[in-house]
**Student:** 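Dropping the structure in here first, questions after.
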Amino acid sequence: MPLYASLIETDDRTVQNAQELASIWGEIRSEIEDHEATLVDAYAILGEHDFLVIFEVPDREGAFKTALTLRRHGLSGQTMEVVDTDDFSTLVEDI
């Protein structure tokens, strides 16, 4: 299945405290699974973005739905398809 990553910023989300933000991940995971996607991993990160969310989904439509699910929870972000470096190496051999 294609793998996607979302770089998330919480600037637009009103959060009462860090525990509230941490508690929404279970709800988000459940909603993502409703789109036949799998939340592979999620990380809190330092820097320009606040979280990195990695998910697998069978098609682009599911990727859009998953990205919109994150957005519906007030988590704005940039979602992109990612390719494993081993697969990338195989791809560039053909060029």
**Student:** If the condition is side-chain hydrogen bond (donor to acceptor under 3.5 Å, both in side chains), which residues does E61 pass it with, not counting sequence neighbours?
**Tutor:**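 For E61 the side-chain hydrogen bond (donor to acceptor under 3.5 Å, both in side chains) partners, ignoring immediate neighbours, are K65.
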**Student:** Would a hydrophobic clustering, with Ile, Leu, Val, Met, Phe, Trp and Tyr connected at side-chain separations under 4.5 Å, put V57 with V40?
**Tutor:**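 In one cluster: no.
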**Student:** Can you name the closest pair of heavy atoms from P58 and P2 and give their distance?
**Tutor:**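 Smallest heavy-atom distance, with atoms named: O-CD, 3.8 Å.
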**Student:** One pair to check against side chain to side chain contact (heavy atoms under 4.5 Å, CB included): L3 and I54. What are the steps and the verdict?
**Tutor:** CA-CA 7 Å; L3 191 64; I54 302 169; 3.7 Å; yes
**Student:** How far does CZ of R71 sit from OG of S6, to the nearest 0.5 angstrom?
**Tutor:**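 Those atoms lie 12.0 Å apart.
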**Student:** To the nearest 0.5 Å, tell me how far F64 CZ sits from Y4 OH.
**Tutor:**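 Taking CZ in F64 and OH in Y4, the distance rounds to 8.5 Å.
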**Student:** Among I32, V53, L39, whose side chain to side chain contact (heavy atoms under 4.5 Å, CB included) with T66 holds?
**Tutor:**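 With T66 as partner, I32, V53, L39 yield a single side chain to side chain contact (heavy atoms under 4.5 Å, CB included), made by I32.
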**Student:** Working to the nearest 0.5 Å, report the span between CG of L91 and CG of D86.
**Tutor:**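 It comes to 12.5 Å.
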**Student:** So if you build clusters from Ile, Leu, Val, Met, Phe, Trp, Tyr with side-chain heavy-atom gaps below 4.5 Å, do I45 and V82 land together?
**Tutor:**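 As far as the 4.5 Å side-chain criterion goes, V82 and I45 are connected within one cluster.
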**Student:** Go through the steps to decide whether L70 and I8 satisfy the test side chain to side chain contact (heavy atoms under 4.5 Å, CB included), and finish with yes or no.
**Tutor:** CA-CA 9 Å; L70 293 168; I8 303 294; 4.0 Å; yes
**Student:** Please report the interatomic distance CZ(F55) to NE2(H35), rounded to the nearest 0.5 Å.
**Tutor:**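 F55 CZ to H35 NE2: 10.0 Å, rounded to 0.5 Å.
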**Student:** Could you give all pairs that pass the salt bridge (charged side-chain N to carboxylate O under 4.0 Å, His left out) test and reach residues 34-49, with sequence neighbours left out?
**Tutor:**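 Qualifying pairs, neighbours excluded: none.
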**Student:** Which residues pass the side-chain hydrogen bond (donor to acceptor under 3.5 Å, both in side chains) test with E31, sequence neighbours left out?
**Tutor:**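 Partners of E31 by the side-chain hydrogen bond (donor to acceptor under 3.5 Å, both in side chains) criterion, ordered by chain and then number, come out as R72, H73.
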**Student:** Using 0.5 Å steps for rounding, measure from the OG1 atom of T69 to the CG atom of L75.
**Tutor:**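 Between atom OG1 of T69 and atom CG of L75 there are 10.5 Å.
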